[in-house]
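Inspection log for the structure reproduced underneath, given as structure tokens.
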Amino acid sequence: MTSQPARERLTERLRRMGISHPEVLEVMGRMPRHSFVDEALASRAYDDSALPIGWGQTISQPYIVARMTEILLAGPRRDRVLEIGTGSGFQTAVLASLVRRVYSVERVADLKEQAERRLRALKLRNVRLRHGDGAQGWPEYAPFDGILVTAAPPRVPRLLADQLGCGGCMVTPIGTAPEQFLLRLVRTRSGWRHEMLEPVSFVPFLEGTC
């Protein structure tokens with residue numbers, strides 16, 4: 001279940017589910033998702049389901065990873081992307097394979113360290129990780145071309161939105177269970193443009209560190 005045929009079946013399933021961005025499909029098809037979960041769960045790594053990674057967090061289902069990435073990459077080129085919630089590092093690795101630079105913030109120190117080891121093993125050197133409060137973003141490296149949030153805040157985090165450059169795009173789940181939706185927010189010269197896309201289910205966005 002960790003072989004290349006399993007990844008190819010996953011890619012075909014994503015295509016049938018509506019993912020059409022060719023580079024996103026290519027990266028999803030070669031990324032070793034089994035390396036981002038506990039060994040006991042490796043046989044389920046290429047199922048289209050979220051899996052626990054400890055500390056009350058999950059690795060998102062492959063469709064959601066692909067969908068959020070596809071939305072983020074639509075439009076102008078996204079060279080500098082901020083990710084809030086490194087988690088297992090899988091979404092980070094997908095982004096790092098598609099954009100020039102990824103800055104990722106994780107509130108749980110142990111998860112950040114695990115993700116760092118996994119990304120190093122994959123020789124992904126265009127990623128900078130930080131243990132910190134995701135609600136604060138990473139203002140030292142702003143403005144960003146894109147921001148991707150991997151947990152659901154009840155409303156748009158204004159401190160994060162302010163770190164988007166003009167034309168920049170934020171993709172985030174928003175709301176509280178069971179009413180959560182995927183939001184695409186674009187910063188324009190005159191303000192903000194937003195679009196609610198589809199229902200989703202994410203762990204809640206938590207502030208602070210641990």
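All values below come from the heavy atoms of this structure, side chains included, with hydrogens, waters and symmetry mates left out. Since we're looking at a predicted model, the values are computed, not measured.
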Can you tell me if [X] has over 12 outside heavy atoms packed within less than 6.0 Å of its [atom1]?
X   : atom1 : value
E39 : CD    : no
R30 : CZ    : yes
E23 : CD    : no

Using every non-hydrogen atom in the two residues, find where [X] and [Y] come nearest and quote the distance to one decimal.
X    : Y    : value
L122 : M31  : CD1-SD, 4.0 Å
P153 : P173 : CD-O, 3.0 Å
S49  : P62  : N-CD, 3.8 Å
G137 : P139 : C-CD, 3.7 Å
T176 : Q180 : C-CG, 3.8 Å
G175 : A152 : O-CB, 3.8 Å

(request) Evaluate the side-chain contact (heavy atoms from CB on, under 4.5 Å) criterion for residues L72 and L95: first the C-alpha distance (whole Å), next the side-chain angles of each, then the deciding distance (0.1 Å), finally the verdict. (result) CA-CA 10 Å; L72 186 76; L95 288 171; 3.8 Å; yes
Any donor-acceptor N/O pair, [X] side chain to [Y] backbone, under 3.5 Å:
X    : Y    : answer
T188 : G191 : yes
Q114 : F36  : no
Q163 : Q136 : yes
D79  : R100 : no

Heavy atoms, side chains only, cut-off 4.5 Å: are [X] and [Y] in contact?
X    : Y    : value
T86  : L111 : no
L73  : V99  : yes
I174 : M196 : yes
L129 : L119 : yes
H34  : R7   : yes
F90  : T150 : no

Are [X] and [Y] in one and the same hydrophobic cluster, where Ile, Leu, Val, Met, Phe, Trp and Tyr link if side-chain heavy atoms are under 4.5 Å apart?
X    : Y    : result
V94  : V102 : yes
V149 : W55  : no
V24  : V65  : yes
L148 : V156 : no
L14  : V27  : yes

Residues 197-210 side chain polar contacts: donor-acceptor under 3.5 Å, at least two apart:
| from | atom 1 | to | atom 2 | distance (Å) |
| --- | --- | --- | --- | --- |
| E198 | OE1 | R67 | NE | 2.7 |
| E198 | OE1 | R67 | NH2 | 3.2 |
| E198 | OE2 | Y63 | OH | 3.1 |

(request) Report the hydrophobic cluster partners of L159, with the cluster defined as I, L, V, M, F, W, Y residues connected by side-chain heavy atoms closer than 4.5 angstrom, directly or transitively. (result)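 L159 clusters with nothing; isolated.
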(message) Under 4.0 Å between a side-chain nitrogen and a carboxylate oxygen: does that hold for E12 and R9?
(response)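 R9 and E12: not salt-bridged.
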Separation between [atom1] of [X] and [atom2] of [Y], rounded to the nearest 0.5 Å:
X    : Y    : atom1 : atom2 : answer
H21  : M28  : NE2   : CE    : 13.0 Å
R78  : I147 : CZ    : CD1   : 10.5 Å
H131 : E106 : NE2   : CD    : 7.5 Å
I19  : I64  : CD1   : CD1   : 8.5 Å
D38  : L51  : CG    : CG    : 9.5 Å
R187 : D145 : CZ    : CG    : 13.0 Å

(message) I'd like to know whether Q91 forms a side chain to side chain donor-acceptor pair (under 3.5 Å) with T69, so could you lay out the CA-CA distance, the side-chain angles of the two residues, the decisive distance to 0.1 Å, and finally the verdict.
(response) CA-CA 8 Å; Q91 174 74 81; T69 305; 2.9 Å; yes
(message) Would L124 and S97 count as a side-chain contact (heavy atoms from CB on, under 4.5 Å) here? Give the steps.
(response) CA-CA 8 Å; L124 291 169; S97 302; 4.2 Å; yes
(request) Tell me, with the steps shown, if R130 and Y103 meet side chain to side chain donor-acceptor pair (under 3.5 Å). (result) CA-CA 8 Å; R130 176 186 185 184; Y103 300 85; over 6 Å; no
(request) Test side-chain contact (heavy atoms from CB on, under 4.5 Å) on R101 and Y141 and set out the steps. (result) CA-CA 11 Å; R101 191 75 177 173; Y141 290 103; over 6 Å; no
